[in-house]
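Naming: A, B, ... by sequence-line order, numbering from 1 per chain. The structure displayed is predicted, hence computed values, not measured ones.
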Amino acid sequence: MITINLAMAVVLAVLYSVGFYLLLQRSLMRILIGIVVLGHGANLLLQLAGGPPARAPVLGTALPEEFADPLPQALALTAIVITFALTTYLLALGYRSWVLTGRDEVQDDVEDRRVAERERPEGSMEEDAEGPDDEEDPGSAAASDRTDEPAEVSGSGAAR
Amino acid sequence: MLALVVAHLVVAALLPLVSRRSRRAAFGIAAVLPAATLVWGVVHLGAALGPGLEETVTWSAALDLELGFRLDALGLVMIVLVGGLGALILAYSAWYFGKDSRDAPRNSALLLAFAGAMLGLVLADDLLTLYVFWELTSIASFLLVGQGGLHRANRRAAVQALLVTVFGGLAMLLGIVFVGESAGSYRISEIVAAPPVCGLAATGVALILVGALTKSAQAPFHPWLPAAMAAPTPVSAYLHAASMVKAGVVLVGRLSPGFADRAEWWVPIALLGLVTMLIGGWRALHETDLKRLLAFGTVSQLGFLMVLFGSGDRIGEIAALTMLLAHGLFKAPLFMVVGIVDKVTGTREVGALSGLGRRLPGLAVAAVLAAASMAGVPFLLGFLGKEAAFEAFVHQGGARGWVLALGLLTGSILTVAYSARFLWGAFADKPGLEPVDPKRPAPGLLVPTWTAAVAGLVLGCIPPLVNALAQPYAAAYPATDATEADYHLALWHGLSLPLLFSAVALAVGLALHVGRDRITGLHRALGHPLSAQRGYEVVVAGLERAATQVTGRVQVGSLPVYLGVLLCTVLVLPGIALITGGVWPRDQSLVSSLLQLPLGLIVVVAALALTRVRRRFTAVLLVGAIGYGIGGLFVVDGAPDLALAQFLVETLTLVAFVFVLRRLPAHFDPDGGTATAPGNRPRRGVEMRKAVLATVAGVFVAVAGVVLSGARQQPPAASGEFVARAPEAGADNVIAAILVDFRALDTVGEITVLLIAAAGTASLVLATRFDRRRKAGGGTPEHEKEVLG
């Protein structure tokens, strides 16, 4: 019944594409701008989905049948304001990050990189299984007599 | 019954308070509850052997969950093992662990908690209740084997025990759900009374069997049990001989009345049980560590029990219950003997012990009693059970009966041989070996050992007593003929084939022991072509490696890659739905109002330019252009309020950006956009991929918007109402009426978001200014330097 016309569909496609593209960048500021552009696209989509252009829904200026659907407008208005709140907060975060690190880049997680380069797990049970059994038998009666102060540690310490 | 279980857990939680004062007293207090459980069981003997004592506690009525308990003959026998032997072993532990042993507080509390969980397990009549206690015992076993985690052997054994039993437990949970859902009840007594027959139930039964086989250390899952000998000896005696490892066979015993005639039930049980019995017995013949020798003996005996409980044969089940009791009563004292030997000589090695029998004859006699019961010597409980087992399968006849009878005979021969080897290894005089010089064992260690060993003798001499326990349990299986109906445990059944089997087992077993050197040679020649332990290690190592590689591939730590994956998912999943199910609306027009064209063009051009700019300020100005363009589009659309908000917000955003941009470099790229670094070329490919992905995703969103909004068929439901009622709100502008009246709560939420964002922004900005002022020259403040390194 109601559709978004072709020209507006192109505008939406461009806004979303640019937003996604910027979001995929490494510069924090570009990412932030990407979010703003995506916000614009989303607000426009909300409003356009409400219906084709019509008269402003103000009583007395037109007949109620000629009004544009007021509900999507009200929702889009809320969305605009919240996009603004989000933008300023992210801007402050980006600024703070730049002040602290002197960089405006999203870095890769170093720990994740280390995991990726690993061939076998750290502290592997396999290594545990292959390791030597040079320790004394923990299931022995002697082990069950051991007190809180491990005597063998102090003994070897004195020997050295 | 629930109260009894909970009492165990509560006292266990309080036990560390006692341990702080006296470790010996803690074990003493811990022994009281299992002993009380035994007394409780004996008091309810009549009900247990008759109709059974039931108790149901509603857990969650809405989910139809309840804790169901039932005390019957099998439960009573297990109470003798869990409660009776538990009390003895806890008393033994009081003297086994040193007065100031660092391990004692942990072990006393954990052993008692385990006793509670095990009690719940053997009394449970509800499969889900049983599962809860089942896993609790697995966890207790993990903690008790792991001890302080200081030794590699402990850690390795604990993890192996946990992985194997929990793997089985999870399979079992799935099986429980299958069986419970197809039976319409989780009550064991109800399921057994009307066992479900369908493919789902058959799968469920097989899965439950996996749980039972892993828990009771059946081949090929058995290596965890010998490995668990890294635990202190009382723990091995209690968990890994007397009680926990019996959980699997007990579960088989509980379900067998309903499923014993199904091939998916008895074939794996009989096959794996027999194989386990033979493997365990064979391995026990070659162990030089007395404790590991007993552990393989336990593996072997568990296989034996598995075969008996799964037999579904009346005499076989009588034998099963008798052997269950007998095994607890001979294996626990044997472990306690090993503990004492270790305690007084400092070794458990066969090759280091000599002449102990002459020096500690009392201990040796207790060991002989227990080992003889294990070997099936007359006048001991083990003999009664073995006679019944042979009788069961000889009587059953046919291929299945004879294979099992001869298999059990072979297993029994091995059992006799390793029993003899145990006694020889611990107590015999060995030529060429210096006799050991033992300390005197404490009476507190000897009394529990003797008590358990003598119990086997007493019960073995009075067959009617055990018979009274076993008959009600076996009554669940219909007798097929008069022999089965009349069968009872007795020391003398006349000259019969089973008696011959027992004699052969004893004779050949002793002969094997005499010829032990040749057997060792044969063992060496055979080697280990297949090792279940190696199999376990390969599987675990493979899992670990797979986990590392999957993590490395999936979690690359790069934000663009993650976003790319998200976008691809959006394209693939809803994208396919859109292509297959979406209908492009027919009355699609190019443009609704001519003014949309120039405004749309501005937005498109500004947006495209945004991807090419290098200067931050230009980018911000372009964002502003997009914002104003969209504001214009709002006006055309008939939304002046939106346009107003958009212009206002855009201006404010621009101002905020400019404030921040003052401090940032002018260009996005650190080198001023003249990047000629060698890494430039491959980056271009990456940028292209990003651009393609972003374009496709953007087009997808637009197409989805057109298709979805075009799918609408009815006029808006509420909007007319809003327009009609706007005058009641006292507003001419319908939007205003919606925002401040009809949907005022939304607006309150929006204001809250604004407030939080403002507070966050302000604190972030003020923090920077505060740092600046405090440390002239700025830079990173101390607390953040620590974080950032």
**Q** Using non-hydrogen atoms only, which part of A76(A) is less than 4.5 Å away from chain B: side chain, backbone, both, or neither?
**A** both
**Q** By a 4.5 Å heavy-atom criterion (distance strictly below it), what part of Y21(A) contacts chain B: side chain, backbone, both, or neither?
**A**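 Y21(A) touches chain B through backbone and side-chain heavy atoms alike.
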**Q** Give, for atom CZ of R96(A) and atom OG1 of T761(B), the distance between the pair rounded to the nearest 0.5 Å.
**A**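 Result: 13.0 Å between the selected atoms.
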**Q** What part of V36(A) is in contact with chain B, defined as an atom under 4.5 angstrom from a non-hydrogen atom: side chain, backbone, both or neither?
**A** side chain
**Q** Which one, V660(B), L590(B), N107(B), leads in non-hydrogen pairs under 4.5 Å with chain A?
**A**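 Among V660(B), L590(B), N107(B), the one with the most close pairs to chain A is L590(B).
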**Q** How many angstroms lie between atom NE2 of H40(A) and atom CD of E650(B), to the nearest 0.5 angstrom?
**A**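 One finds 4.0 Å between NE2 of H40(A) and CD of E650(B).
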**Q** Identify the two heavy atoms, one from I33(A) and one from A619(B), that lie closest to each other, and give their separation to 0.1 Å.
**A**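 For I33(A) and A619(B), the tightest heavy-atom pair comes out as CD1-CB, 3.7 Å.
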**Q** What closest approach, in Å, do S17(A) and G698(B) show between heavy atoms, and which atom pair accounts for it?
**A** OG-CA, 3.4 Å
**Q** Quick one: what part of F722(B) sits under 4.5 Å from any heavy atom of chain A, side chain, backbone, both or neither?
**A**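 It is the side chain, since no backbone atom gets that close.
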**Q** Check N5(A) against S592(B) and note the closest heavy-atom contact, atom names and distance.
**A** ND2-OG, 2.6 Å
**Q** Less than 4.5 Å apart, any side-chain heavy atom of T83(A) and any of V649(B)?
**A**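 Not in contact.
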**Q** Select, from T61(A), V10(A), L90(A), V11(A), the one with the greatest count of heavy-atom pairs under 4.5 Å involving chain B.
**A** V11(A)
**Q** Heavy-atom distance under 4.5 Å to chain A: side chain of P727(B), backbone, both or neither?
**A**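 For P727(B), the contact with chain A is made by backbone and side chain together.
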**Q** Most heavy-atom pairs under 4.5 angstrom with chain A, which of V765(B), L610(B), T747(B)?
**A**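 Heavy-atom pairs under 4.5 Å are most numerous for L610(B).
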**Q** Hey, are the side chains of F657(B) and T87(A) touching, using non-hydrogen atoms and a 4.5 Å cut-off?
**A**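 Side chain of F657(B) against side chain of T87(A), heavy atoms only: contact under 4.5 Å found.
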**Q** Pick one of side chain, backbone, both or neither for S140(A), based on which atoms fall under 4.5 Å of a heavy atom in chain B.
**A** both
**Q** Determine, step by step, whether L44(A) and L633(B) satisfy the side-chain contact (heavy atoms from CB on, under 4.5 Å) criterion, reporting the C-alpha distance in whole Å, the side-chain angles of both residues, the deciding distance to 0.1 Å, and the verdict.
**A** CA-CA 8 Å; L44(A) 187 62; L633(B) 284 172; 4.1 Å; yes
**Q** Heavy-atom distance under 4.5 Å to chain A: side chain of L739(B), backbone, both or neither?
**A** side chain
**Q** Measure L93(A) against the heavy atoms of chain B and call it side chain, backbone, both or neither at under 4.5 Å.
**A** both
**Q** What distance do L664(B) atom CG and M29(A) atom CE have between them, rounded to the nearest 0.5 Å?
**A** 4.5 Å
**Q** Heavy-atom distance under 4.5 Å to chain A: side chain of A231(B), backbone, both or neither?
**A**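 Just its backbone gets close to chain A.
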**Q** I need the residue from L567(B), T551(B), L559(B) with the largest number of non-hydrogen atom pairs under 4.5 Å to chain A.
**A** L567(B)
**Q** Should V99(A) and R663(B) count as side-chain neighbours, where that means a heavy-atom distance under 4.5 Å?
**A**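 Sidechains of R663(B) and V99(A): no contact.
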**Q** So, taking the atom named CG in L77(A) and the one named CD1 in I738(B), what distance separates them when rounded to the nearest 0.5 Å?
**A**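 So the gap between those two atoms works out to 10.5 Å.
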**Q** Checking I626(B) against V18(A) for the side-chain contact (heavy atoms from CB on, under 4.5 Å) test, could you report, in this order, the C-alpha distance in whole Å, the side-chain angles of both residues, the deciding distance, and whether it holds?
**A** CA-CA 12 Å; I626(B) 295 174; V18(A) 171; 5.9 Å; no
**Q** Can you tell me which portion of L22(A) sits under 4.5 Å from chain B's heavy atoms? Options are side chain, backbone, both or neither.
**A**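 Just the side chain, heavy atoms under 4.5 Å.
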**Q** Run the numbers on L59(A) and V723(B) for side-chain contact (heavy atoms from CB on, under 4.5 Å), then give the verdict.
**A** CA-CA 8 Å; L59(A) 298 176; V723(B) 174; 4.2 Å; yes
**Q** Measuring heavy-atom distances to chain A, does L652(B) have an atom under 4.5 Å in its side chain, in its backbone, in both, or in neither?
**A**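 L652(B) touches chain A through backbone and side-chain heavy atoms alike.
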**Q** Please identify, among Q160(B), R586(B), Q555(B), the residue contributing the most non-hydrogen atom pairs under 4.5 Å to chain A.
**A** Q555(B)
**Q** Between chain A and each of L608(B), L622(B), D637(B), count heavy-atom pairs under 4.5 Å; write down the option with the most.
**A** D637(B)
**Q** Taking side chain as everything from C-beta outward and backbone as N, CA, C, O, which of these in A758(B) sits under 4.5 Å from a heavy atom of chain A? Side chain, backbone, both or neither.
**A** neither
**Q** Chain A heavy atoms under 4.5 Å from R743(B): which part of the residue, side chain, backbone, both or neither?
**A**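 The answer is the side chain of R743(B).
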**Q** Where does L71(A) contact chain B at under 4.5 Å (heavy atoms): side chain, backbone, both or neither?
**A**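 Contact with chain B: backbone and side chain both.
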**Q** Check whether Q25(A) gets within reach of chain B through its side chain, its backbone, both or neither, counting any heavy atom under 4.5 Å.
**A**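 Backbone plus side chain of Q25(A), per the 4.5 Å heavy-atom cut-off to chain B.
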**Q** Which of the residues P64(A), G34(A), P70(A), A7(A) is involved in the greatest number of heavy-atom pairs with chain B at under 4.5 angstrom?
**A** P70(A)
**Q** If you compare all heavy atoms of A702(B) against all heavy atoms of L12(A), which two are closest, and at what distance to 0.1 Å?
**A**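 Reported closest heavy-atom pair: CB-CB, 4.2 Å.
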**Q** I'd like to know which of L23(A), V37(A), L45(A), V106(A) tops the heavy-atom pair count under 4.5 Å against chain B.
**A**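 Among L23(A), V37(A), L45(A), V106(A), the one with the most close pairs to chain B is L23(A).
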**Q** Hey, could you give me the CG/CG distance between L642(B) and L46(A), rounded to the nearest 0.5 Å?
**A**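 So the CG of L642(B) and the CG of L46(A) are separated by 9.0 Å.
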**Q** At a 4.5 Å cut-off on heavy atoms, which part of K99(B) comes close to chain A: side chain, backbone, both, or neither?
**A**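 When you check distances to chain A, no heavy atom of K99(B) falls under 4.5 Å.
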**Q** Heavy-atom distance under 4.5 Å to chain A: side chain of L597(B), backbone, both or neither?
**A** side chain
**Q** Between Q73(A) (side chain) and V734(B) (backbone), is there a donor-acceptor pair under 3.5 Å?
**A**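 Checking the backbone N and O of V734(B) against the side chain of Q73(A), no donor-acceptor pair under 3.5 Å is found.
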**Q** What are the two closest non-hydrogen atoms of P665(B) and W98(A), and how far apart are they?
**A** CD-CZ2, 3.7 Å
**Q** What part of T88(A) lies closer than 4.5 angstrom to a heavy atom of chain B: side chain, backbone, both or neither?
**A**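 For T88(A), heavy atoms of backbone and side chain both lie under 4.5 Å from chain B.
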**Q** With rounding to the nearest 0.5 angstrom, report the CG to CZ distance, L48(A) to F634(B).
**A**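 Separation between the atoms: 7.5 Å.
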**Q** If you tally heavy-atom pairs under 4.5 Å against chain A, which of S763(B), A757(B), S558(B) wins?
**A** S558(B)
**Q** Go through the structure and list residues passing side-chain contact (heavy atoms from CB on, under 4.5 Å) with V636(B), not counting sequence neighbours.
**A**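 V636(B): side-chain contact (heavy atoms from CB on, under 4.5 Å) contacts with S593(B), L595(B), Q596(B), L599(B).
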**Q** Counting C-beta onward and ignoring hydrogens, is there a side-chain heavy-atom pair between F20(A) and V701(B) closer than 4.5 Å?
**A** yes
**Q** Can you name the nearest heavy-atom pair linking F84(A) to L754(B), along with the distance?
**A**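 So the two residues come closest at CD2-CD2, 4.4 Å.
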**Q** Which one wins on heavy-atom pair count under 4.5 Å against chain B: A68(A), A74(A), G39(A)?
**A**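 That would be A74(A).
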**Q** Among P72(A), A54(A), A9(A), G19(A), which has the most heavy-atom pairs under 4.5 Å with chain B?
**A**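 Greatest number of close heavy-atom pairs with chain B: A54(A).
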**Q** Hey, which of L38(A), V14(A), L24(A), V58(A) has the most heavy atom pairs under 4.5 Å with chain B?
**A**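 So the answer, after comparing L38(A), V14(A), L24(A), V58(A), is L24(A).
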